[in-house]
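Here is the structure we will look at.
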Amino acid sequence: MIEIKKVTKAFGSARAVDEVSFTAPEGAVTGFLGPNGAGKTTTLRMLLGLSSPDQGEALINGVKYADLDSPRRAVGAVLDSIGYHPGRSGIDHLRIVAKAAGLERKRVGEVLEIVELTSAAERNVGGYSQGMRQRLALATALLGDPPVLVLDEPSNGLDPAGMAWLRDLIAGWAKQGRTVLFSSHILNEVEMVADHLVVINHGKVVRETSMNDLAGPDGKIISGRLEEMFFELTTPKVQVR
Amino acid sequence: MRNLIAAEYLKLRTTKTTWALLAATVATTGLAVVGAILVASNSKLNLQSTHGIREVLHVTASGGIFMLVLGVIISAGEYRQRTATETFLTTPRRWKVIISKLIVSTTTGVVFGAISAGTAIAVASHLYSAKGYTFPLGSSLAWSILGGAVLAAALFGALGAATGSLIRNQVSAIVGWMAWLFVIENIVLGFSATAGRWLPSALSRALVRDPNAHLLPQSTAAIVLVIYGVVIMLTAVLTESRRDA
């Protein structure tokens, strides 16, 4: 379970994240939605110990990221700020992370299979497409077989088939009982995979809800309902006199 | 920590830069020894004399600059290639990362230094016999100079890694060091030779007992360089604990 408790972060005088609180429960996919610059990435970076909140705390199964015994076994993360040495092969990148985290070497081969990157593993990352890099990032996140996954815009660079593949993967993780928190601004994608929803705008949570609330009497999500809600929450109101 | 250090070695082995800098170190050392022997024999210096040995072997440290560069790359390269995020996700306690890098860079410096010393011995033995001398392999002076060269490479590796962690910007750290070693230090030396003796380039020359200047004793030079490395490292650790990745 992920708990964000009244987390605040300011850059200069601008409050990028302003008393944000929400919970991402176990066994569910939590979609973290918001327009660009809403504070999604800043919140996730604080959750992952990459930046420290001015106030509040972000906990993973009750513990701060920096206090986790073995972070890679506890949390898998995909972030846009993750880069690769262009002259290093994908498999070497994974071996380095596995080594540093004290994980079994055979796990490298397993995660390469999961993300379907085995055939390109020996190639230098410099020659990878954006989609292949994203698969490598997912493979790295999965190395420690973590119960919690934090994914910031994980479908970036994936083609439609890749996006469908990723959706199945995310839904599968939640079915296994894992906590999945993923940010996106592709509403369609969130609609298809999320169970739980957190919408953030200008650094504040403007709605935390279950996807069931967007369903009609038949239990199916009403198409377009999420988009309608999103715009209602994030578009500045124009006052008509 | 052991896993972290092993991972840092793996990072080094899996980049071509490491091997290119090692090749540059070997080539520079070899050429420097050839040059020193030619100059010494042209000035009719007895190559087996104390002065001759110092004149020839002190250049063994001339490849140390590449170890400094590698040290900077080991630390600041993570920001250049944006691999720092993954590193800190694995090890959120950043001081551990800084210290592992320092250890890896220092021990890699020992290896670079030992290979430089081997290169110097090989080249010098060959040229000594060509000129009718025997290279004094049993000379304690020769070994103290070669040992000093190994130490200089190790400590330059440490200085590079520590500054790379502090500055984070690889290009600035490397350019800054070059400016310091080749320009600023010479200016300081121009004003005061006494003060100049305490600066990194002069200290590394003291480690290899460069006969061409009035330098500090080997042991003092080693201690001062260690202090510089520790101070920069501690500053990096303190700074890093307060900043975002």
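Here is the naming used below: chain letters follow the sequence lines, and residue numbers restart at 1 for every chain. Heavy-atom basis, side chains included; hydrogens, waters and symmetry copies ignored.
- Ranked by heavy-atom pairs shorter than 4.5 Å toward chain B, the options A:L79, A:V97, A:T140 are led by A:T140.
- Counting all heavy atoms, side chain and backbone alike, B:K11 lies closest to A:R88 at O-NH2, 3.0 Å.
- In terms of heavy-atom pairs under 4.5 angstrom with chain B, the leader among A:P71, A:A101, A:S81 is A:S81.
- To the nearest 0.5 angstrom, A:H85 atom NE2 is 10.0 Å from B:E78 atom CD.
- Your options are B:T83, B:T87, B:T17, and the one with the most heavy-atom pairs under 4.5 Å with chain A is B:T83.
- Side-chain contact check for B:L89 versus A:Y65: some heavy-atom pair is nearer than 4.5 Å.
- Atom CD of A:Q130 has more than 12 neighbouring heavy atoms from other residues, nucleotides or ligands inside a 6.0 Å radius.
- Heavy-atom pairs under 4.5 Å with chain B were tallied for A:D92, A:L143, A:I82, A:L68; the largest tally goes to A:I82.
- Closest of all the heavy-atom pairs between A:G49 and B:R94 is O-NH2, 3.4 Å.
- Around CH2 of A:W165, the count of heavy atoms belonging to other residues, nucleotides or ligands within 6.0 Å exceeds 12.
- Residue contact with chain B, scored on non-hydrogen atoms closer than 4.5 Å, is absent for A:K64.
- The residue among A:A100, A:G144, A:S52, A:S70 with the most heavy atom pairs within less than 4.5 Å of chain B is A:A100.
- Between chain A and the residues B:T14, B:L10, B:I5, the largest count of heavy-atom pairs under 4.5 Å involves B:T14.
- For CZ of B:R80, the number of neighbouring non-hydrogen atoms (other residues, nucleotides, ligands) closer than 6.0 Å is 12 at most.
- At a threshold of 4.5 Å between non-hydrogen side-chain atoms, the residues A:R72 and B:E86 count as touching.
- For a residue to count as touching a neighbouring chain, one of its non-hydrogen atoms must lie under 4.5 Å from one of that chain's; by this rule B:T91 does not touch chain A.
- Between B:R93 and A:A66, the shortest heavy-atom distance links the atoms NH2-O, 3.3 Å.
- Shown here for B:R82 and A:D80, the closest heavy-atom pair between the two residues is NH1-O, 3.5 Å.
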